[in-house]
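So you know, we letter chains A, B, ... as the sequences are listed, proteins then strands, and number each from 1.
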Amino acid sequence: MTEVFGTYGGRFVPETLIPALDELEQGWRDALADDDFHRELHHLATTYAGRPTPLTLAERFAPGKRIYLKREDLLHTGAHKLNNALGQAVLARRLGKHRIVAETGAGQHGVATATVCARFGLECVVYMGEEDMRRQKPNVERMKLLGAEVRGVDFGTKTLKEATSEAIRDWITNVETTHYLIGSCVGPSPYPELVAELQSVIGREAREQVLAVEGRLPEAVVACVGGGSNAIGTFRGFVADESVRLVGVEAAGAASLGTGRTGVLHGARSSILADEDGQIADAHSISAGLDYPGVGPEHAWLRDTGRAEYRAATDEDALAAFQDLARTEGLIPALESAHALARARDLDAELIVVCLSGRGDKDLAEALAALGLS
Amino acid sequence: MTKTLVIYLMAEPETPELARAAVDGGADVVELGFPFSDPLADGPVIRRAAERALSRGMRTRACLEVLGRTREAVPETPLVPMTYSSILEAYGWDRFAVDAHMNGATSLIIADLPAGEGPELRRVQLVAPTSTDERIRLAGEQTDGWLYLVTVAGITGARGDVSPALPGLVERARRLTDTRLYAGFGISTPDHARAVGAMADGIVVGSAALQAAENGPDALREFVGSLRSALDAA
Ligand SMILES: Cc1ncc(COP(=O)(O)O)c(C=O)c1O
């Protein structure tokens with residue numbers, strides 16, 4: 001068996017994909033052992049993506065606390081998703097793949113993928129649920145401008161779950177030429193580990209930065225959890241520091257860790273929203289990036305071992321934090337990140353690092369309508 | 001040896017009658033789809049059939065009950081439930097295997113459980129054109145009765161032509177295993193049946209059978225009969 005995180009993980013995919021996963025795993029190991037790979041990633045991160053991203057103290061947002069925001073919203077394309085997309089694009093080139101497929105929910109991963117494909121001259125197809133195309137329209141337009149083909153998925157929930165299934169079906173069909181650039185730390189092994197490693201730059205930088213300004217480690221780090229990639233990237237910087245609490249925040253209507261059960265979705269065993277027969281349940285969140293019934297297997301394992309804790313925020317909690325951060329700090333967060341902000345400000349801790357995983361321009365129409373401001 | 005004709009049907013209340021019709025038309029084995037909400041290996045026809053079956057309440061217990069009734073309708077025919085890991089994870093892997101066999105299953109196919117994963121569950125293994133020789137050998141060793149050759153890198157669904165990847169796969173599988181080889185995915189017409197029957201020991205017809213079954217048992221019997229004749233001429 002290929003479970004990696006306790007009993008979670010694995011490769012629950014059709015046989016057709018197994019050789020490609022083996023090849024990916026080998027290619028990834030070779031890349032990790034190759035200084036040129038690290039140099040190329042570092043060069044892209046610093047000259048193209050905008051790393052390192054700053055750490056900003058949000059004094060007016062949470063008076064009485066010291067909440068630092070890790071500013072992934074300032075990364076090129078406006079979210080942490082680019083860390084992963086850049087790394088996987090470099091890897092895909094090393095594997096000789098010229099066509100990229102991806103799924104997207106909020107559109108941030110789709111935009112990051114379209115961006116790296118434009119940058120490297122790769123063919124790009126992005127699957128997106130039609131409900132998400134509606135609520136994240138600016139990102140659909142950005143992907144098209146960047147030269148990607150956006151394929152709407154018009155069945156089932158018409159959101160990230162179906163988009164992911166369709167991207168995997170495309171990959172099965174075109175596996176010889178195509179790399180599947182998965183957008184979070186989900187999917188069959190080795191994807192969860194690969195994505196976590198590519199996102200771990202968030203936590204590494206944040207740890208150094210908070211030590212530099214505060215001279216001590218934070219009591220807690222907080223991040224929103226959809227598939228879990230910005231959270232795992234943040235946690236990895238602090239997981240060895242036992243005094244630091246790792247807090248993940250799910251959308252209340254998509255709390256795969258909080259209310260889910262062990263199940264199999266999109267190639268991995270994890271904690272998922274499913275009924276007692278194993279049929280996948282619909283998730284709900286105002287935030288398209290969290291509107292997913294699964295979560296990365298490493299989070300299920302961190303939950304079970306007690307190393308990380310997971311909480312939920314409702315649509316209303318997130319909308320309130322969204323508006324408050326805009327008005328107190330002049331920062332418009334992604335609705336996804338607003339879930340982390342909502343729970344960080346009422347956490348029983350004083351010194352906290354929050355991953356501000358993305359910026360909220362994409363969410364204006366949806367959020368203003370929900371707040372009654374449009 | 002005559003070629004084996006495997007017909008796939010989705011588990012629904014009408015399945016026992018449809019299975020009877022398929023066997024009367026010349027099917028040797030019936031695969032019974034237990035629907036899953038997110039069937040990664042399936043194209044639109046089987047995916048839609050699964051959505052419909054689920055909307056009609058075809059959860060695991062109801063599927064097992066249909067399996068039992070199908071066993072009564074076709075007492076002599078091997079019956080093979082085909083489903084996805086999530087269903088077994090929820091029901092209990094061992095318990096599923098036991099209850100399926102108690103209700104008349106001959107074996108199982110789990111579309112997203114490749115050879116090497118869950119080795120204790122006896123089932124028909126699948127190999128694909130992308131499989132390495134080593135994996136074909138492993139699948140051949142672990143498989144239960146016959147090996148399912150996936151004709152293309154792709155998902156289920158009718159296709160215009162027989163996959164050009166199939167002859168190479170059959171040739172490798174013959175060399176690496178001595179189990180019977182039944183090919184499926186994309187086989188939808190008597191012409192396909194004849195062409196594939198000339199290479200493999202049997203064929204599996206899914207999406208096209210579901211489409212025929214939409215028009216009732218008589219239409220299914222006639223369609224299966226046309227595949228049978230073509231296969232016997234192979
Ligand atoms: C800004 C932002 N944050 C968070 C997420 C959730 O993904 P993950 O949990 O993988 O970080 C998304 C997904 O689209 C996103 O766009």
With a 4.5 angstrom heavy-atom cut-off, which part of B:A153 approaches chain A: side chain, backbone, both or neither?
-> both
Any salt bridge between A:D30 and A:R94, counting N to O under 4.0 Å?
-> no
Which of the residues B:P44, B:A90, B:G43 is involved in the greatest number of heavy-atom pairs with chain A at under 4.5 angstrom?
-> B:A90
Mark yes when over 12 heavy atoms from residues, nucleotides or ligands other than B:D94 sit less than 6.0 Å from its CG; otherwise mark no.
-> no
So A:Y191 and A:W171, would you call those rings parallel, tilted or perpendicular, with 30° and 60° as cut-offs?
-> perpendicular
Carboxylate-amine/guanidinium contact A:K97 A:E23, below 4.0 Å | yes
Checking B:P35 against chain A: side chain, backbone, both or neither under 4.5 Å from a heavy atom?
-> backbone
Using non-hydrogen atoms only, which part of A:T262 is less than 4.5 Å away from chain B: side chain, backbone, both, or neither?
-> both
Please say which of A:K161, A:E250, A:H266 ends up in a side-chain hydrogen bond (donor to acceptor under 3.5 Å, both in side chains) with A:Y292.
-> A:H266
Region of B:L54 in contact with chain A, defined by heavy-atom distances below 4.5 Å | side chain
Chain A: which of B:L40, B:I155, B:L126 shares the most heavy-atom pairs with it under 4.5 Å?
-> B:L40
Checking heavy atoms, do the side chain of A:I18, its backbone, both or neither come under 4.5 Å from chain B?
-> side chain
